[in-house]
Protein chains: 2
Amino acid sequence: MPDSPEQLDYVSFVDYAIDRVTAGGAAVDPVAMRLVLTLHRVTSALVYDVESGVHRPRGLSWPGFRVLFVLWLAGPLEAKRVAELSGMSRAAVSALVNTLERDGLVSRSRAEHDGRAVTLALTPGGIESITDAYLAHNAREQVWASALTGPEQRTLIGLLQKLMDGPAAESARRRT
Amino acid sequence: MPDSPEQLDYVSFVDYAIDRVTAGGAAVDPVAMRLVLTLHRVTSALVYDVESGVHRPRGLSWPGFRVLFVLWLAGPLEAKRVAELSGMSRAAVSALVNTLERDGLVSRSRAEHDGRAVTLALTPGGIESITDAYLAHNAREQVWASALTGPEQRTLIGLLQKLMDGPAAESARRRT
DNA sequence: CTCCGATCATCAAGGCTTTGACTATCTCGC
DNA sequence: GCGAGATAGTCAAAGCCTTGATGATCGGAG
């Protein structure tokens, strides 16, 4: 039985909340509730951990890292493609690149064949930065993953992919 | 074999990225990489879907919903407790409550026994708002969860909890 | 009783995100 | 060829987040 409100903490609140809500007897699915709550909490913790431990000390933000990562692997790209591959809006990429350009990590140039488009590319400093940051990033990913056995890791990936293939993710997959 | 950069999309980029990075031969764990990438993408998609489909149309943000949700279930609480239970910083709660108070959903009052503390409570309008929003929120959670069978849902929750109990989440769990 | 360190809330600066509007440019049908 | 509609990038307003400082209050040591 969940604690009383006075002694709850971040973790036990999930149990408490599920208990309270389902006591109402309404059309609430406690398993779906716990799934979403737990998924969101794990991801928040992971992003906070990696961002504050790996990227901020190097002068990067998590979103900045994502843009650098995409450009690092998929070469010079138009801003629109960066937005698609990183899952951000074009406006967000534009704003983010202001910072990355100011810091000398990314360069903007007009696309050859299209006067509207802008081509984004890593500068030498950007390449150096992402190479270093990614090694530390993956090292931290390995610490997170080490909480699970190899087979568990693969099972988790499979279940997350199935979630991404489900009906609810439909709208998100179509977002450009 | 992953596509060439020109034909990549949000989903196939993950395969492409893993292929490119591991080709480098460095000390990179592709499974940990895929795990974190997939986890982050699923959660982003879910938050975007629920926020834009459920909360924004009702005049709430996802973080605003979280604060209302905590206050709804755990009664009037001091701002510090709300921060702990919702996993936000005290400064973030303070800023968020400015909006919620302006919108007439939450009220601030000085705590009885401590002149420094502020007690937060839902207004009648706040109760009405969160009651309605939560039903729609859970309905959408059920759509997401429906991509998995019941046993799969429980397995996923278990694996996520194990991740949260692992060594890497240590720092995040201690965050107040 | 008083002082000093701890704690609470808030503010300030800087960064990221969203939506919607706006400009420049491209492309296709006629 | 040319005009209409689509598209790329950017800007603006509003909101939320973080860290670090600030001011008020608490509580215990002496």
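Since the model is a prediction, treat every value here as computed from it, not as a measurement. Because only heavy atoms are used, hydrogens play no part in the values below, and waters and symmetry mates are left out as well, while side chains stay in. Order of the sequence lines fixes the chain letters, A, B, ..., with proteins taken first and strands second; residue numbering starts at 1 for each chain.
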Which is true for B:A79 with a 4.0 Å heavy-atom rule: it touches a base, it touches only sugar-phosphate, or it touches nothing?
sugar-phosphate
Practice task
Salt-bridge test for B:R81 and B:E78: reply yes if a basic N is under 4.0 Å from a carboxylate O, no otherwise.
Solution key: no
Under 3.5 Å donor-acceptor pair, A:R116 side-chain atoms to C:dA24 base atoms: no
Whole-Å distance, B:K80 NZ to C:dT10 P, equals 15 Å
Specify whether A:F69 and B:F13 have parallel, tilted or perpendicular ring planes, treating 30° as the upper limit for parallel and 60° as the lower limit for perpendicular. perpendicular
B:L120 CG to C:dT10 C1', in whole Å, measures 13 Å
### Task
Determine whether A:L135 and B:V28 make a side-chain contact, defined as any pair of heavy atoms from C-beta on separated by less than 4.5 Å.
yes
From NE2 of A:H55 across to C1' of D:dC17 the rounded distance in Å is 17 Å
Taking only side-chain N and O atoms of B:R110, does any of them lie within less than 4.0 angstrom of OP1 or OP2 on C:dA9?
no
DNA chain C nearest-nucleotide lookup for B:A117 and A:G115: closer to the 5′ end is B:A117
Q. Hey, does B:R102 reach any base, or is it just sugar-phosphate, or nothing, if we go heavy atoms under 4.0 Å?
A. sugar-phosphate
Separation of C:dC16 atom C1' from A:F65 atom CZ, nearest Å, is 17 Å
To the nearest angstrom, the CZ-P distance between B:R90 and C:dT7 comes to 10 Å
Assign each of B:A92 and A:A91 the nucleotide of DNA chain D bearing its closest heavy atom; nearer the 5' end lies the nucleotide of A:A91
Inset, instruction - Look at the side-chain N and O atoms of B:S89 and state whether any lies under 4.0 Å from the OP1 or OP2 oxygen of D:dT18. - result: yes
Taken to the nearest whole Å, CZ/B:R81 to P/C:dT7 is 16 Å
| Do A:S109 and A:V118 come within less than 4.5 Å of each other through their side chains, counting heavy atoms only? | no
| said: Please determine whether a side-chain nitrogen or oxygen atom of A:R108 lies at a distance below 4.0 Å from atom OP1 or OP2 of D:dT10. | reply: yes
*Should A:T99 be listed as having a side-chain N or O under 4.0 Å from OP1 or OP2 of C:dC16?*
yes
Review point. Given C:dG15, is OP1 or OP2 found less than 4.0 Å from the side-chain N or O atoms of A:S61?
Key: no
Assess, by modelled atom type and distance only, whether the side chains of A:Q161 and A:D165 contain a donor and an acceptor separated by less than 3.5 Å.
no
Whole-Å distance, B:R56 CZ to D:dC16 P, equals 7 Å
Rounded to whole Å, CG of B:D114 lies from P of C:dA9 at a distance of 8 Å
